[in-house]
Every structure is written in structure tokens, then in C-alpha cells.
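Proteins come first, then strands; the chains are lettered A, B, ... in the order of their sequence lines, and each starts at number 1.
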Number of protein chains: 4
Amino acid sequence: MHGPPSNLPTRRTRRKDARPSEIREAALALFSERGFAATRLGDVAERAGVGKGTIYLYFPNKEELFRAVVRHDLLPNLEALEAVADSDATTATTTLRTILFALLATCDRPISAIPKLVIAEAGNFPALARFYVEEVTARGRRLIERVLRRGIEQGEFRAIDVPLTVPLVVAPALMLVLWNTSLSPYAEAPLDPVKVLEHHLDVLFRGLAPIQPSP
Amino acid sequence: MHGPPSNLPTRRTRRKDARPSEIREAALALFSERGFAATRLGDVAERAGVGKGTIYLYFPNKEELFRAVVRHDLLPNLEALEAVADSDATTATTTLRTILFALLATCDRPISAIPKLVIAEAGNFPALARFYVEEVTARGRRLIERVLRRGIEQGEFRAIDVPLTVPLVVAPALMLVLWNTSLSPYAEAPLDPVKVLEHHLDVLFRGLAPIQPSP
Amino acid sequence: MHGPPSNLPTRRTRRKDARPSEIREAALALFSERGFAATRLGDVAERAGVGKGTIYLYFPNKEELFRAVVRHDLLPNLEALEAVADSDATTATTTLRTILFALLATCDRPISAIPKLVIAEAGNFPALARFYVEEVTARGRRLIERVLRRGIEQGEFRAIDVPLTVPLVVAPALMLVLWNTSLSPYAEAPLDPVKVLEHHLDVLFRGLAPIQPSP
Amino acid sequence: MHGPPSNLPTRRTRRKDARPSEIREAALALFSERGFAATRLGDVAERAGVGKGTIYLYFPNKEELFRAVVRHDLLPNLEALEAVADSDATTATTTLRTILFALLATCDRPISAIPKLVIAEAGNFPALARFYVEEVTARGRRLIERVLRRGIEQGEFRAIDVPLTVPLVVAPALMLVLWNTSLSPYAEAPLDPVKVLEHHLDVLFRGLAPIQPSP
DNA sequence: CATGAATGAGACTTCATTCAT
DNA sequence: TATGAATGAAGTCTCATTCAT
């Protein structure tokens, strides 16, 4: 009963391979709740179900763990968005709608706390901030710019200044994400993020609509 | 009427009275650079030009100093905005423009870091978060709502859902403030916040404009 | 039944198990020399041969270390006395002699400083004081009372008021213990505690002796 | 209306002269409650109704204040006892009774805490301990010895070893004083110190009584 | 003389990091 | 590979002491 020399990892290997992710997940959860400094590695270890020392087998120190958490979960996320955007063969309008709703959808997942973390710790982690700016902010910006240009070319939007428009498109969605990961638990009457986003798109697209030729 | 009321503070008194502000200012500067936990009270003392122990003559502990910093600089700021908004006898459009530019103008002052601080530490300071939500977020929201309603009544805007519109109005300005206090130093081509805000208002007001009756 | 039950502690385990005692012993020595407040945990750590942080692996804070020291060494001591007293099948006179000499004998051991410590810190540690009163003072009193009653029943002592007599029996021995742990190093001509105690017993037993019927 | 150039101190002078005592009294009260280290000079100042700095006009530092408190109140007290003892023309028995009740009577006054304080801090204040041993313990011992010798000479006591007897005489009274200033608040059924002392004297004098010549 | 604001040394305590097992 | 006991640097906070007023 030896079967084929399977590529399936052994239990041990699989567990071993899973370690870094387990640790990163635990760390992300705690970082996003408490911030970088207030998170104790002992708690991360406990939550990940490993010993404290084990963390150091995979990450050289707390700072690098933080960086790993942010960097690891960032790119896949952004790439997903890019895929959404570029593979989409429909109108620019629809593409933007898809992108923003995808962004908002991260609210259900722990990674939605990453923007908050990066904003909070940018001063203490310049390298991370630079990485984030280059790999997330800038790429995200270019992504939106492409879509906006397509929309202009296709007559969906009037000929606005594209770089200046990007923040307008993104800001409400980002604000919803930040709100959700920080202050929303303390508000009495919570916003319905989906409604807000729908309304945003409505107002935005009216604002970007080509000017009606007067008869 | 025996000559001038000699309530000029003595040198000593003046110095003493100034201490809390000096300390709060130093603390705000460091908190906004490094965040709450990464700021050492020793550094605050040094920056304020006082001894370490002096801080404790005016603030019972680090947390309360943090709260004092936030609370002290917040309300005057908001009240200034409210004054700007409500005393304004012009159109709602102009009022919104004034408010958002006033918000953006805080970027030159240290208080602009407070939103970032509160967002970052909300999880660790629930009472502060609640205070912020109630006294800043909620008041600010009501302020914008008033102006929007006025704009609708006066025919400047179409009959949009007011509460849902507030985030759209505010988000770009807030994002600019957050950007300025965190990631902007790491970006290569910095945004021109004034241009962004102008563009935002342009797009927004088009988006909110009453629907043209078709001829 | 697979060979000897290998519950021999490993080197590591043994070391670990010994830590609390080592720390308590070091703490007792220093507390008894200097008192609670004047003892620095750094010194305790050094004396115990561990790092400062190690203390906190076993005791949550300085107060609890103090309590642990007192409580841990107290009861075994008292229980030893109770065993001495109750298992004794001889006369009450002999039993009292045994008890008091056992009490005096603690002077060779660090625990003899505990009464001094408790007396000195009772005001700052009400819970500890209460514990001491209930578990040591009261139990000790009842112990002596039992012996005195036996002595009266057996005609060794006259019918004195038992509760009032307890302090008379104990006071000289206690005073010797306090003297030994505080002032005796500063006295020129030290008392011989054994002689004092012998004399005490002689005078006491004469004082408690049944009244001779006059012929 | 100038009157005679009175020697009565002016209000200011009187207040000034009283300062040191007021401070010492406040300090004694707090030292006896909390011990030396746990007493803050700020509290002493407040209780004495003076500014913190004022203490330093009369005492060079906390340690010297402590010494002054102990030394100041000690000798008058002891001298009073000596006067009681030596001026007494009655029997030795009566003299001892008077001395011990005078000792017990201090329990109503704050100075009764001094023995506790000295015992607790002897290790940290060797000079004070030596002073106490020489000026209080030794003098007190000699005082009692004189009375005991007189009692022996006058046939009130049998020919006991006088130095060995001193502790027996004093111990119960001292123990009552210590008990009163430390643990008694935590005991449920408080001792009646007067009854105990009466009983002590009764038992003691029987124990010291000359041996009855057998008929 | 008297004050109390200011100071900074020093204590307790935490926690990232190491390393023997 | 994995652990967690041990460490000690570093931070917060207290309070005896000073000194300008």
C-alpha cells in the first residue's frame, strides 16, 4: 500500500509549511486590534498555537514579522484587484464599480486592517511605508488611471484630469475601510457601507458624465 | 479704580500656567510622529524643556496625557469649523467649499495628526474613541448635513439622501489629511492637495446638481 | 511496570522547581534585614542568582512575593509546634517548656524574622495581618490554652484564667525572638536566651503553682 | 498700652518655635501607621500644615527627621518612668506595678509606636538602634534592676538572678504595646491589656515570692 | 522664614529575544 | 525542529530634595 511516491506533503511537512502563515495570521489579527507596539509576541505565539521561540525560526524579529504580515497579504490582494480590473471587458463604469466593491469586501477579512496599520506606523517603518506607497498606492493609482482613461476614450466620462480624479474615486471606499477597522464599533448608528458606496458611484458618475450638448 | 488691575501674571505664574500647553504641544508632536506607544515620556519632557517628573505634575499618566492632547486640540478646532459653516450667509456650495478647505488647512498644524492618532489607537482607548465619535465625527456629520439640507432647499442640490452623502463630501478631504500625516513623505510625486480638493468640489457639485429638465 | 517510574526530575525541571524557593529564601533574608520597602527586587534577584525578570515568572509582584514568603514559611513552622505540643504525652509543664524552646530555636533560622516583618508591615498589608492573626496568633493561642487547661486538670497549675495567662507564657519567648532579629546586634552584653527562658519557666511555674494548703 | 516688655513670645515666634514639634508629631503619626519608607514627606507636611520645603528648614533630611522623632519622644518618656521609679518610696512591688502600668499607658499616645518603629528599622538605622539600645533598653533595664534589688533586700522577692529577671518583668507589657500598635486592629476578640497586666503582676510576684519556710 | 514647582535618581515591571534542552 | 524558561534593557512613575520667589 505504498501508492505512488506522492507529492502530497507529509503531515509534518505540511504542518511545518503552514507555520509561517499561521503565525502571520495570528499576528495580523493582533496587530490590527492593538497596533504594532501593543501586540506582544507571546500573544501571537499563543494565538498561533506555537511556542514563543518558534516565531524566531521564521521571522528574525518583531519588526520583520510586522513587515512580513503587511507585505505578504498586500500583493495578492492588489493583484486580485488588478485582475478584476484588467480582465474586465465591460465598461469602465462597471469596472470601477467592481473594483470599489472588491475593496470594500475586504472588510470581512483581517487584511482590511492593513491600511490602518500602515498609516499608523508609517513614521516608525519608513521602509515599509515606501514599499506600501510604491507597491500599493502607486499601483492602485495606475490601475484606476487606466480605467478612467478607458472611460474617457469610450465616452463614458468627460475629459477630466485623470491623476486628480483618482483620489476622488477611491477616498470614500478607503474611508469606509478605515472606519470599519477603527471607529465603527463606537458609533451608535452604523453606516451601511454598501449603500454609501452605491451612492458614491451614483454621484461620482454623474459628476464625471460627459457634458450634455445643449440643443 | 486704583490704577490698572494688577492681574498680570508674575513670571512664575505665567511660566506655571504655560507648562501644560508646552507639554501637550511636545506630546502632540511626538505622538503624531511615532504613535502613542513608541513615544517615550522622557522625549516629551525633553522636547517640552522640562524634567521627566514635571509631566506628572499636570497629567496623572501617559494615557491621560494622550487623552488631554486629543481632547484639548480637538474641540476648538471643530468649533472653528462650525463657526465657519453656520455663520456663513452664502450658498451651501460656498459653505461646503469653505469647510473643506478649512479642514485641509489644518495640515500645516500639528493637530492634523489627531485623526491618524485616533484611528490608530481606537482599539486601545475605547473611551477616547467613543469621545471622538460623539464629539467630532457625529458633530461634524451633523454640520455637513445642515449645509446639505440648506443646499437642497435652496435648489443648489438635487434631493439626495443627506446622511449617505456626508461621507462622499468629507472623504477626499479626510484622506488628504491622513495622507499628509503619514505616507506623503514617502511618495515620489506628491499630490497637490488644493488641486485635488478643487477637483473634488467640481465633480461633487456636478454630481449633486439638480437634474436638467429636458427641453 | 516498565522499569522504574522515571519521575526523577530532569536537570532543567529540578532547576525550575527550585526557583521559587530560591527566590523566596533570598527575599526572606533581605526583607528581614531591611524590611519590605527598603528591599529592592534587583537585590533579591542577585542574591537568588537569577535575573530580575525571573522573579516575575513566579510571583506577580513585590507584594505577592512578600506574602508568599510569609505564608510559605509560617504554617509549616506553626504546624511543627502544634505537633510538638499535641503529640506530647508528658506533663503540661514539660510540654510548655518544649514549645517555648522550639519557638526560641527558630532564632537560628531566617524565618525567625517573620514576626518582626509582620509587626512592621501590618499597617501596609491588612490582608496579611489578618491572615497572620488568624492563622498564627490565634492558632498559637489555642495551642497554649489547651496545654494550660490540661495542666490545671492535672493539678500542675492552679485554676488561673487561661486566656489571660497565654500572653504571660509567650511574651518572653517572643521578645527574645524580636530582640534577636532586630536590636541584639547593637547591644554590648548580649542576653543568653536559653538562660532567660529557663528562668522564665522557673518563675512562671512557681507563679502558676497550686496554692499550698496551709497546715 | 505697651505694657511690660513681655517675654511672652510673639504670635509669629510662638508659631515658629512650634514648627519642629508640629512636624515631628505629624511624622510620628505617619511613621507609626506606615513605617519609615512608606511615609511620604509630602504627607507629613500636609498633616503638619506646612509646606513641603519647610520640613527642610528644621531637619536636614528624611532620615534625620525619623531619628529626631524617635529620639525626641523617647527620653522624656523614659525619664518620666525613672522619676516614677526612683521617687517612689513604697515597696518594690508597688513600684514595678507603677512602672509597667505607666508603660502600658503610652498606648493611648502616638509614641507607643516607637518600639515597633525601632524594631522594624533597626537594620537600616544602626546608629539609631545603638542609641535606642543604650539610652532606652539599657537604662530601662538598669531601672528595673534597681527596683528588683530593692525588693530582694527588703524581703519582697527571693534571691533571683536580677539581670535574667528583667526581661520576664518587662516582656508582657512590651508585647501589649507592640500588639496594640500593629496587629490588634485585625484581631477579633481584643485582649484587655489592663487585665493581662494585672494577671501578669499577680503571677510574677507569686513566682518571685520568697520561699515559704516549711514549718 | 516659608513655599511648592521643578527635578532626576531610582524603583518596579514588561517583554523582545536568546538558548539549553 | 520546537520549546519556554531566563534574561536585562528600557519604559513608566514616585518622591526626596532643591531653590527661585
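Here the CG-CD distance, from D:Leu28 to D:Glu33, works out to 10.0 Å after rounding to the nearest 0.5 Å. Interatomic distance, A:Glu25 CD to A:Leu30 CG, rounded to the nearest 0.5 Å: 12.0 Å. Atom CZ of B:Arg24 sits about 12.5 Å away from atom CZ of B:Arg71, to the nearest 0.5 Å.
A 6.0 Å sphere centred on CD of D:Glu46 holds no more than 12 heavy atoms belonging to other residues, nucleotides or ligands.
Residues A:Phe131 and A:Leu74 have side chains in contact (heavy-atom distance under 4.5 Å, counting atoms from C-beta outward). Taking the side chain as every heavy atom from C-beta outward, D:Leu41 and D:Leu65 approach each other to under 4.5 Å.
In this structure, CZ of A:Phe59 is placed 15 Å from P of E:dA16, rounded to the nearest angstrom. What separates CG of D:Leu65 from C1' of F:dA16 is a distance of 12 Å, to the nearest Å. Atom CD in B:Glu46 sits roughly 16 Å away from atom P in F:dA10 (whole-Å rounding). Distance, B:Tyr58 OH to E:dG4 P: 13 Å, rounded to whole Å. Per the geometry, CD1 belonging to A:Ile23 stands 14 Å off P belonging to E:dT17, to the nearest Å. The interatomic distance linking A:Leu30 (CG) with E:dA16 (C1') rounds to 15 Å, in whole Å. Residue B:Asp43 contributes atom CG, which lies 8 Å from atom P of F:dG11 at whole-angstrom precision. If you measure from atom CD of D:Glu22 to atom C1' of E:dA2, you get 13 Å, rounded to the nearest angstrom.
Applying the 4.0 Å criterion to OP1 and OP2 of F:dA2, one finds that A:Arg19 has a side-chain N or O inside that range.
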**Item:** Per-nucleotide protein contact string for nucleotides 9-15 of chain E, where B marks a base within reach and S marks sugar-phosphate only (heavy atoms under 4.0 Å, - for neither)
**Value:** -BSSBBS
**Dot-bracket pairing map - DNA chain F, Watson-Crick plus G-U, both contacts under 3.5 Å, | cross-strand** = .||||||||||||||||||||
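In this structure a side-chain-to-backbone donor-acceptor pair under 3.5 Å is present from B:Lys62 to B:Phe36. Although no hydrogens or angles enter the test, the distance criterion places a donor-acceptor pair under 3.5 Å between the side chain of D:Thr39 and the main chain of D:Gly35.
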Check residues 115-129 of chain D and write down every donor-acceptor pair under 3.5 Å in which the side-chain atom is one partner and the other belongs to a residue at least two apart or another chain.
from	atom 1	to	atom 2	distance (Å)
D:Lys116	NZ	D:Ser32	O	2.6
D:Lys116	NZ	D:Thr181	O	2.9
D:Glu121	OE1	D:Asn124	ND2	3.0
D:Asn124	ND2	C:Arg34	O	2.8

